[in-house]
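Just so we're clear, the structure is a prediction, and the values are computed from it rather than from any experiment. By convention in this document, chain letters (A, B, ...) are assigned in the order of the sequence lines, proteins followed by strands, and residues within each chain are numbered from 1.
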2 protein chains.
Amino acid sequence: MPQLRLALAQIDVTVGDMAGNAAAVVARAREAAAAGAHLVVFPEMTITGYPPEDLVFRESFRAASRATLEKLASDLAAAGLAQTAVVVGYLDEDGGPRTASTLYLDERAGPRNAAAFCLGGRVVATYYKHHLPNYGVFDEARYFVRGDRFTVVRYRGVDVALTICEDLWQDDGPFAVAGQVGVGLVVNINGSPYERHKDDVRLRLLQRRAREAQATVAYLNMVGAQDELVFDGDSMVVSADGALLARAPQYIEGVFYVDLDLPTTDPVIPEHSSMRVETHDTQTAAVPSFRKQPAGIAEPMSDEAEIWGALVTGTRDYVRKNGFHSVVLGMSGGIDSAVAATIAADAIGGENVYGVSMPSSYSSEHSKSDAADLAERIGANYRVVPVARMIDEFVETLKLTGLAEENVQARVRGTTLMSLSNAEGHLVLATGNKSELAVGYSTIYGDAVGGFAPIKDVPKSLVWQLARWRNADAEARGERAPIPPNSISKPPSAELRPGQLDTDSLPDYGLLDEVLARYVDRDESVAEIVAAGYPPDLVGRIARMVDAAEWKRRQYPPGPKIGLKAFGRDRRLPISSRWRE
Amino acid sequence: MPQLRLALAQIDVTVGDMAGNAAAVVARAREAAAAGAHLVVFPEMTITGYPPEDLVFRESFRAASRATLEKLASDLAAAGLAQTAVVVGYLDEDGGPRTASTLYLDERAGPRNAAAFCLGGRVVATYYKHHLPNYGVFDEARYFVRGDRFTVVRYRGVDVALTICEDLWQDDGPFAVAGQVGVGLVVNINGSPYERHKDDVRLRLLQRRAREAQATVAYLNMVGAQDELVFDGDSMVVSADGALLARAPQYIEGVFYVDLDLPTTDPVIPEHSSMRVETHDTQTAAVPSFRKQPAGIAEPMSDEAEIWGALVTGTRDYVRKNGFHSVVLGMSGGIDSAVAATIAADAIGGENVYGVSMPSSYSSEHSKSDAADLAERIGANYRVVPVARMIDEFVETLKLTGLAEENVQARVRGTTLMSLSNAEGHLVLATGNKSELAVGYSTIYGDAVGGFAPIKDVPKSLVWQLARWRNADAEARGERAPIPPNSISKPPSAELRPGQLDTDSLPDYGLLDEVLARYVDRDESVAEIVAAGYPPDLVGRIARMVDAAEWKRRQYPPGPKIGLKAFGRDRRLPISSRWRE
């Protein structure tokens with residue numbers, strides 16, 4: 001039985017940085033070849049980064065992707081890797097240029113989400129993604145034309161089939177064809193965004209598809225983040241009988257190896273098949289038999305560790321990929337800013353985090369001491385900027401009372417943070433959580449200002465849970481807990497009027513988050529939620545608050561998606577709507 | 001030859017207001033029947049409003065649409081309209097409930113963008129949209145499953161085929177099938193958003209499809225606006241030989257009539273056809289011959305009048321459909337705020353417009369006098385709120401200089417407007433134009449604050465052109481020109497530092513807008529634009545400014561789309577991107 005050492009190159013690429021991404025491929029392929037790998041697999045759209053969104057409509061972008069691929073194939077050979085096979089994702093097109101306004105679902109020519117098999121200085125074979133996801137955060141029917149070719153490459157005695165991401169998630173695609181044709185290995189390259197509990201789903205799905213294809217399946221996912229999406233890695237190899245042979249860790253960039261015994265198959269071209277079968281023979285001899293090394297199988301992370309990893313990765317890559325080196329945020333002494341600041345410190349180092357306490361006349365003493373405590377614990381820079389005089393000028397000039405007076409406090413703080421950003425070059429972080437954002441319990445242009453919002457998709461109950469976990473985890477490692485215990489235990493307050501508590505305006509967060517998970521994440525109706533046992537008045541009130549806050553959410557900065565449905569591309573609701581459940 | 005009086009019910013519906021929309025159908029159908037109409041046609045998704053976006057994923061919403069349709073059919077009969085045929089758009093589904101996460105492009109069951117033919121108290125036939133647009137502002141592959149049934153209803157001796165919107169724009173759909181089958185009339189119901197110069201394209205397309213179908217085609221479009229989309233009406237009827245028989249005005253809600261001689265056809269079910277042909281016979285006798293009345297053919301509007309109509313309609317419906325009665329905006333004396341205020345006054349009346357002059361120490365004398373002049377001309381409320389002291393507090397407390405000092409002025413003004421909105425309940429209008437938004441020449445959380453941005457999609461050159469047109473048009477009608485001539489003629493300045501002019505930071509607006517039309521609207525590369533004769537340095541600089549401002553645009557309020565590609569749903573670019581042309 002032929003053997004192969006497969007390298008899973010779980011790397012972080014940057015949208016639009018084609019030269020940089022190609023250089024990373026060469027460097028990682030060289031590292032893999034030095035470790036004896038015969039086949040090195042890179043993520044979906046390695047060359048362009050993923051998702052490139054409407055950049056796909058620029059002819060110059062598509063041309064650059066193709067040119068970069070050709071150059072990469074020859075650079076790999078020039079780097080002494082002519083005998084090592086490399087699979088990369090890229091943007092291809094056929095049928096000539098087209099633009100957004102002419103691209104239509106049904107057309108048979110146009111841009112392609114593609115994979116290339118490179119060997120010996122050239123592109124030996126290409127594959128076009130068959131199943132194009134067009135739900136949730138995905139708009140691939142907008143960008144790509146689906147492929148109908150099933151691509152098999154015979155390499156060192158093994159028939160290797162190429163597939164991309166969504167091909168794994170839908171029936172009747174290349175995995176089914178693989179089962180008809182008979183191949184030794186199916187490679188599946190991914191830009192699969194993190195979502196809670198998705199890792200278990202992926203493994204079960206892989207096992208199912210491996211059985212369907214009657215072949216070993218290598219699933220390779222990118223790591224890193226792009227705007228609201230976090231790619232968690234978690235690359236895996238599963239044998240034809242469903243056994244997990246290798247599993248790379250989540251969020252860690254690197255090359256991971258697995259030695260495989262793979263059958264030589266005798267591909268048959270089926271008479272009836274949903275895809276046209278195309279075979280390529282690289283005319284390469286089988287690898288001389290070698291002693292297999294045991295592959296790593298990463299332990300699954302806890303739910304909290306996995307979420308924290310997503311938030312840190314999302315924040316780190318947003319800061320880095322947008323050319324920032326530091327962040328500034330308001331430190332109120334509350335749990336949200338404490339968790340956001342700790343994520344930032346874990347992402348880019350506490351020394352690059354700038355905390356600002358902005359006490360007004362309604363600020364409690366503990367809001368200042370807890371903020372200072374936090375900064376000290378995470379090693380952040382810290383300053384106090386009193387804002388009472390700026391607020392007073394507005395209140396007096398405009399004779400503000402009530403809600404207008406509450407909001408102006410938040411807006412003076414927002415303006416203060418933006419001024420510090422302008423003056424010192426930090427990225428401003430917004431510290432709102434998903435529960436607040438859902439019901440509109442935030443001040444637009446106030447606490448909502450910022451370029452990025454680390455806990456935008458984290459419900460308040462989970463904010464507390466993560467804080468406790470992060471502290472316990474630090475203590476278990478013998479480190480100091482980063483989040484002041486007082487910030488965790490005290491009742492939440494916006495401190496915009498004397499003695500104010502969140503519970504004055506909102507239901508208990510535990511209850512609120514349960515209803516929001518149904519109404520927002522699962523699109524349940526008010527009637528369905530009430531039928532599940534929640535008080536009708538409460539559910540109706542929450543639904544109205546969520547609907548009325550749509551306009552504010554549209555102007556909120558991006559933040560890492562961790563849940564089933566994040567506010568952003570994932571959830572597209574009209575602002576003008578009279579629909580009331 | 002049978003005759004029919006066709007009523008084009010060009011109405012404005014509201015997303016989610018199913019009871020209200022159905023009531024409007026009954027009222028308009030009654031009006032049409034009283035005028036002797038035999039067939040009354042309403043827009044795409046009449047019942048739900050269009051586009052309902054992710055509301056489609058709520059089972060309760062889909063169920064309500066179906067229930068509202070059934071009730072509407074019976075309400076029409078109860079209103080004495082049992083003998084009048086009514087075509088309405090609605091949201092249907094088949095194959096049981098499904099959610100965003102399971103909806104997939106290829107599935108054969110799911111939500112449908114549907115049309116119903118109602119007669120005699122019941123739904124006689126339904127049609128499911130065949131071509132689903134998934135480009136530009138459209139995401140219909142996300143929401144709907146395409147229909148493959150071609151629906152013909154024999155009504156009073158005429159075979160009437162049903163089609164929906166995009167069916168008109170793509171080849172190989174129901175128009176082609178109509179030509180094979182042989183029908184007397186093709187009804188095409190629309191939610192077709194306004195775009196400059198689209199009306200001429202529509203007419204030519206209709207003429208082409210009428211010839212293809214060998215039948216009279218009735219094109220019915222909605223009027224009104226939904227968030228960023230404006231529906232301009234412009235409903236038309238074209239005969240089989242391409243003659244324009246009737247044309248309704250743009251932007252005007254109403255019922256428009258056309259008397260038609262239509263052949264009785266003898267439909268044949270073709271052996272090979274891209275859609276399954278389904279015929280229904282309503283068993284109704286031909287209408288006794290009547291004397292045809294001449295139909296109205298609305299004169300095409302000038303380019304400026306048409307754009308102005310779109311901006312006024314977009315602003316009016318956003319204000320109204322979101323429950324506001326008044327707007328507030330900063331009046332700087334400049335051209336942008338003058339045009340935005342005039343649009344608002346035309347939309348909701350000058351008495352509901354609240355202008356605020358917010359002079360700082362850098363404000364010129366004419367900025368105040370021109371603002372007061374504007375308010376007086378359009379009959380707006382007007383006040384002066386000096387902001388120098390608030391600005392000074394920030395500048396002194398934070399020791400601001402340079403850009404930070406410029407921005408804080410804009411942010412103090414933004415906070416002032418939001419405070420007045422909180423205190424008095426007005427919707428805040430942002431007054432930025434498309435050129436500024438493109439290159440990021442605006443202050444986020446400053447002049448960019450607001451719930452709606454009337455000239456967001458209007459390039460600066462066009463802002464001036466519209467201002468001149470609006471003034472000349474008023475004068476031609478013997479009315480006072482609304483826009484102070486001085487606001488049109490003076491060189492534009494943000495007045496954030498002494499003697500500042502826009503041209504200090506930006507190229508001449510005429511040149512800038514030409515480059516932006518290529519780079520933004522047409523996705524041309526820098527190399528292509530340079531090849532067209534523009535200076536390389538300038539084009540490169542503009543492209544970099546556009547790319548770097550993406551994060552700010554994401555947080556900008558919605559505004560009416562008038563161009564080929566508006567910032568918003570129409571143009572989806574990554575924030576994190578290293579792509580440089």
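Relative to the six-membered ring of A:Tyr519, B:Arg58 meets both conditions, a distance below 6.0 Å and an angle of at most 45° to the axis.
In this structure, chain A has heavy atoms under 4.5 Å from both the backbone and the side chain of B:Ser419. Looking at A:Thr401, neither its backbone nor its side chain comes within 4.5 Å of chain B, counting heavy atoms on both sides. Neither the backbone nor the side chain of A:Phe452 has a heavy atom closer than 4.5 Å to any heavy atom of chain B. At a 4.5 Å heavy-atom cutoff, the contact between B:Glu528 and chain A is made by side-chain atoms alone. Proximity to chain A involves both the backbone and the side chain of B:Thr416, based on heavy atoms less than 4.5 angstrom apart. Within the 4.5 angstrom heavy-atom criterion, only side-chain atoms of B:Leu420, from C-beta onward, approach chain A. At a 4.5 Å heavy-atom cutoff, the contact between A:Leu573 and chain B is made by backbone and side-chain atoms alike. Within the 4.5 angstrom heavy-atom criterion, only side-chain atoms of A:Thr397, from C-beta onward, approach chain B.
Taking A:Val408, A:Asp139, A:Val449 one by one and counting their heavy-atom pairs under 4.5 Å with chain B, the maximum is reached by A:Val449. When A:Arg389, A:Met390, A:Met18 are compared by the number of non-hydrogen pairs under 4.5 Å with chain B, A:Met390 comes out ahead. When the candidates B:Tyr318, B:Phe138, B:Trp169 are compared by the number of heavy-atom contacts under 4.5 Å with chain A, B:Tyr318 comes out ahead. Looking only at heavy-atom pairs under 4.5 Å with chain B, the residue among A:Ile575, A:Thr415, A:Asn322, A:Asp17 that has the most is A:Ile575. Taking chain B as the reference chain and counting heavy-atom pairs below 4.5 Å, the highest number among A:Ile444, A:Val387, A:Val412 is found for A:Val412. Taking chain B as the reference chain and counting heavy-atom pairs below 4.5 Å, the highest number among A:Lys552, A:Arg320, A:Arg571, A:Arg569 is found for A:Arg569. Top candidate by heavy-atom pairs under 4.5 Å with chain B, chosen from A:Asn407, A:Asp392, A:Thr48, A:Leu403, is A:Asn407. Ranked by heavy-atom pairs under 4.5 Å with chain A, the first of B:Glu524, B:Met418, B:Arg554 is B:Met418. In terms of heavy-atom pairs under 4.5 angstrom with chain A, the leader among B:Tyr556, B:Phe394, B:Trp551 is B:Phe394. Chain A forms more heavy-atom pairs under 4.5 Å with one residue of B:Pro557, B:Gly323, B:Ala548 than with any other, namely B:Pro557. Put simply, of B:Ser60, B:Pro574, B:Ala404, the one with the most heavy-atom pairs under 4.5 Å next to chain A is B:Pro574. Chain A forms more heavy-atom pairs under 4.5 Å with one residue of B:Asp172, B:Leu55, B:Ile391 than with any other, namely B:Leu55.
With respect to A:Asn422, the side chain to side chain donor-acceptor pair (under 3.5 Å) criterion is satisfied by exactly one of B:Glu405, B:Arg411, B:Glu406: B:Arg411.
At least one donor-acceptor pair closer than 3.5 Å links the side chain of B:Gln226 to the backbone N or O of A:Ser576. For the pair A:Glu393 (side chain) and B:Ala388 (backbone), a donor-acceptor distance under 3.5 Å is absent. Remark: side-chain polar atoms of A:Gln555 are paired, donor with acceptor, to backbone N or O of B:Gly450 under 3.5 angstrom.
Partners of A:Arg316 under the side-chain hydrogen bond (donor to acceptor under 3.5 Å, both in side chains) rule, at least two apart in sequence or in another chain, do not exist in this structure. Looking at residues two or more places apart in sequence or on another chain, you find no side-chain hydrogen bond (donor to acceptor under 3.5 Å, both in side chains) involving A:Glu396.
Using a 4.0 Å cut-off between charged nitrogen and carboxylate oxygen, A:Asp54 and B:Arg572 do not count as a salt-bridge pair.
Ring geometry for A:Phe61 against B:Trp579 counts as perpendicular: the plane angle is over 60°, on a 0 to 90° scale with 30° as the lower cut.
Atom CZ of A:Arg580 sits in a crowded spot, with more than 12 heavy atoms from other residues, nucleotides or ligands closer than 6.0 Å.
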